[in-house]
Structures are given as C-alpha cells and as structure tokens.
Amino acid sequence: MSRPIGIFDSGYGGLTVFRSIAERLPQYDYLYLGDNARAPYGSRSFDTVHQYTLECVEWFFSMGCPLVILACNTASAKALRTIQQRDLPLLAPANRVLGVIRPTAEVVGNYTQSRHVGVLGTRGTVGSDSYRIEINHFFPDVQVHQHACPMWVPLIENGEYQSQGADFFVKKDLDTLLTAAPEIDTILLACTHYPLLLSKIRKYLPAGIRVVAQGDIVATSLAGYLVRHPEMDSILTKGGNTSYFTTDDPADFDLHGSAFRGAAVRSQHVALNGK
Ligand code: DGL
C-alpha cells in the first residue's frame with residue numbers, strides 16, 4: 001500500500017511549495033489536494049477554515065497519508081493548531097500535520113539587515129497575527145509589518161495574474177505597506193499563491209528590497225523533519241509518484257495548475273462532503 005506525503009492548499013498555491021518539495025525530495029510519493037471548489041479561504045472565518053481543512057486532512061488520512069503538509073498559510077494560521085492539539089489525538093494520534101508558518105518564521109529574520117520585515121498575506125493570515133508572534137518568538141528584535149492583499153488570490157485563481165488589473169492591485173498594496181514602514185528591506189510572501197505575481201511585485205518594489213517566497217524554505221524544513229523523524233520517514237513509501245486531486249473541475253485544475261507547479265499536472269476530481 002502506498003503511504004504518500006499529503007500536500008494541501010485551498011487551491012493552486014500549494015503547488016508553488018510542492019514544486020520545491022518535489023525537487024528537493026523526489027524519492028517520496030505525494031498526494032496533492034486543492035480545495036478549489038471552496039477557494040479562496042483567505043477571508044473566511046476561523047470555524048469555516050478549520051472545518052474545510054479538517055475535512056481535507058481526514059481525506060488524506062483515508063488515502064493512506066501519515067504526514068500532511070498544509071501548504072497554505074491561511075489554513076496554517078487558522079486551522080493547524082486546533083487540528084494538532086484537538087483533532088489529531090482523536091483521529092489518528094500517530095499521524096502528523098505540519099504547516100508553513102513556523103518554518104518560515106524560523107529563518108526570515110536571517111534575511112533582514114534593517115530588522116524590518118514586511119509580511120503580505122490574506123486577511124485570514126494577517127488577521128491571525130501568527131507571523132508577528134512566530135517571527136518575534138525566533139527574532140525578538142525584528143519589527144513585523146503585516147498587510148493583507150485580499151485581491152491577489154482571486155486574481156491568481158482566476159488566471160488574471162498577468163493582467164493590468166493585477167498591476168494595479170500589486171502596486172497599490174506594496175505602496176501601502178512601504179508608506180507605512182519605509183524601513184522594510186525584506187518582504188515575505190506569506191501566501192503560497194503570491195509567487196505567481198513575483199515579476200509584478202519586483203517591478204513595483206524599490207531596488208534593494210528582498211522578496212522571500214516559501215517554497216525552498218518549506219522544502220528544506222521538511223527534509224530536516226524527515227531526518228529527525230526516522231519513525232515517520234520509514235513508513236513513507238518512496239516510489240517517486242505524485243497524484244493530484246481537486247474538489248473542482250480537473251480540466252481547469254490541469255490548465256491553471258501547471259503554471260504553479262512548473263510542470264504538467266493531471267488531476268482527478270474528489271468529492272468532499274457533497275462537493
Ligand atoms: N495559498 C493560500 C495561502 O497561502 C491561499 C489562501 C486562500 O485561499 O485565500 O494563504
């Protein structure tokens with residue numbers, strides 16, 4: 001029986017993280033699930049994000065995944081703690097669910113000279129204050145300036161990330177962030193969708209500001225986790241196979257997903273709770 005690593009996102013964004021994970025750890029089997037039918041998660045309540053994420057985690061467990069990565073900042077911010085502390089001990093105590101916020105917070109303070117970091121994310125991620133709390137846990141001297149960009153995920157999910165409309169919102173949000181905190185020298189893309197906007201983000205940023213995406217950070221952190229946890233590593237199957245699933249239309253997922261994954265994607269539909 002296959003025992004893959006599960007990679008989860010509300011939609012396509014987790015594919016930017018999976019791209020780095022698959023490059024770094026090609027030997028494992030993977031299941032990717034995008035909950036596209038209910039994306040975006042970014043402006044939804046704690047309860048809703050928890051309920052949707054938990055349903056997806058249970059699906060991963062039913063498919064044989066002992067380890068699930070929430071490659072979604074919104075789900076990591078709003079659902080991970082409850083899943084780890086309340087749900088997992090009841091559902092599957094030997095299984096593990098990991099997020100993307102802690103591994104990112106552990107290293108982002110190493111990139112800034114000015115000690116001012118900008119964090120761009122969804123309303124859910126920014127509103128949870130998770131990044132400020134986690135970054136200050138590891139780097140108490142770093143000032144964290146957060147700004148929500150609620151239009152970015154819808155633009156990306158709808159394939160509008162190369163349009164002039166995207167230019168307008170990218171410029172507007174970067175201007176707002178940098179006007180409030182001109183000392184920022186490092187900007188963290190704290191949403192796994194945002195790397196699709198990287199060229200526009202660079203276009204509107206002054207030279208000298210570093211943009212940090214999460215893919216390589218999360219891949220490095222996962223590699224370290226598997227070394228530190230041989231009991232998990234030994235049960236994961238290593239056939240180098242990946243299967244993609246979406247709660248929405250597989251033809252759409254394949255069409256748009258390849259830009260995020262950086263390779264062709266062929267998905268299957270999965271129905272969760274009647275979806
Ligand atoms: N990729 C998700 C994140 O990192 C997008 C959230 C959403 O669905 O709005 O936050």
Side-chain angles (χ1 to χ4, degrees), residues 6-21 32-57 68-81 83 97-105 108 118-132 134 146-161 166 169-170 173 187-198 201 211-219 221 244 246-248 252-253 256-257 259-261 265 272 275:
I7 311 281
F8 169 71
D9 184 51
S10 59
Y12 302 112
L15 291 168
T16 65
V17 172
F18 179 53
R19 179 180 188 156
S20 298
I21 291 176
Y32 183 94
L33 173 62
D35 191 8
N36 300 75
R38 302 186 291 195
Y41 280 14
S43 300
R44 296 192 190 276
S45 70
F46 267 89
D47 282 352
T48 302
V49 174
H50 170 251
Q51 181 205 321
Y52 288 177
T53 306
L54 181 60
E55 276 171 27
C56 294
V57 165
V68 178
I69 311 296
L70 304 185
C72 174
N73 289 273
T74 309
S76 299
K78 290 186 137 182
L80 180 63
R81 183 181 297 248
I83 289 175
V97 180
L98 306 176
V100 290
I101 295 180
R102 177 162 280 241
T104 308
V108 74
V119 174
L120 298 175
T122 64
R123 278 203 181 114
T125 300
V126 167
S128 75
D129 214 20
S130 301
Y131 270 101
R132 194 188 53 73
E134 291 283 345
Q146 304 181 82
H147 177 66
C149 310
M151 289 304 292
W152 291 18
V153 170
L155 282 165
I156 295 165
E157 284 278 321
N158 288 292
E160 292 287 336
Y161 53 90
F169 283 106
V170 167
D173 284 312
I187 290 185
L188 172 64
L189 304 185
C191 172
T192 55
H193 281 66
Y194 293 176
L196 268 280
L197 290 169
L198 199 52
I201 292 168
V211 181
V212 178
Q214 296 177 290
D216 291 345
I217 294 172
V218 174
S221 167
Y244 298 93
T246 175
T247 54
D248 208 343
D252 269 358
F253 190 88
H256 299 300
F260 293 76
R261 172 66 182 87
V265 168
L272 291 179
K275 283 270 171 195

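Atoms within a ligand are numbered from 1 in the order they appear, just like the ligands themselves. It should be emphasised that the depicted structure is a prediction, and the values quoted were computed from it without experimental measurement.
- In plain terms, the two heavy atoms of Ala77 and Phe46 that are nearest each other are O-CE2, 4.0 Å.
- Between the side chains of Thr122 and Thr74, at least one donor N or O sits under 3.5 Å from an acceptor N or O.
- Between Tyr194 and Trp152, the gap from one ring centroid to the other is short of 6.0 Å.
- Ser20 and Asp216 share a side-chain donor-acceptor pair at under 3.5 Å.
- Each of the following atoms of ligand 1 lies closer than 4.0 Å to a heavy atom of Cys191: 1 (N), 2 (C), 3 (C), 4 (O), 5 (C), 10 (O).
- Remark: the Tyr41 side chain and the Asp35 side chain contain an N/O donor-acceptor pair separated by less than 3.5 Å.
- Using a 4.0 Å cut-off to heavy atoms of Thr122, the atoms of ligand 1 that qualify are 6 (C), 9 (O), 10 (O).
- Ranking protein heavy atoms by distance to atom 8 (O) of ligand 1, first place goes to Ser10 OG, 2.5 Å.
- Between Gly42 and ligand 1, an N or O atom pair is found at a separation short of 3.5 Å.
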TODO: Give the intermediate values and the outcome of side-chain hydrogen bond (donor to acceptor under 3.5 Å, both in side chains) for residues Arg261 and Tyr12.
DONE: CA-CA 8 Å; Arg261 172 66 182 87; Tyr12 302 112; over 6 Å; no
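- For atom 6 (C) of ligand 1, the nearest protein heavy atom (residue, atom name, distance) is Thr74 OG1, 3.3 Å.
- The nearest pair of heavy atoms linking Asp248 to Ala37 is CB-N, 3.7 Å.
- Heavy atoms from both the backbone and the side chain of Thr192 come within less than 4.0 Å of ligand 1.
- Residue contacts with ligand 1: His193 is placed with a nitrogen or oxygen under 3.5 Å of a nitrogen or oxygen of the ligand (distance criterion only).
- Near Asn73, the atoms of ligand 1 lying under 4.0 angstrom from a non-hydrogen atom of the residue are 3 (C), 4 (O), 10 (O).
- Counting heavy atoms under 4.0 Å from ligand 1, residue Pro40 touches it through both backbone and side chain.
- To the nearest 0.5 Å, atoms CZ (Arg102) and OG1 (Thr104) are separated by 11.5 Å.
- Only the side chain of Asp9 comes within contact range of ligand 1, with a heavy atom under 4.0 Å; no backbone atom does.
- Closest to atom 2 (C) of ligand 1 by heavy atom, among Cys72, Ala190, Ser76, Pro154, is Cys72.
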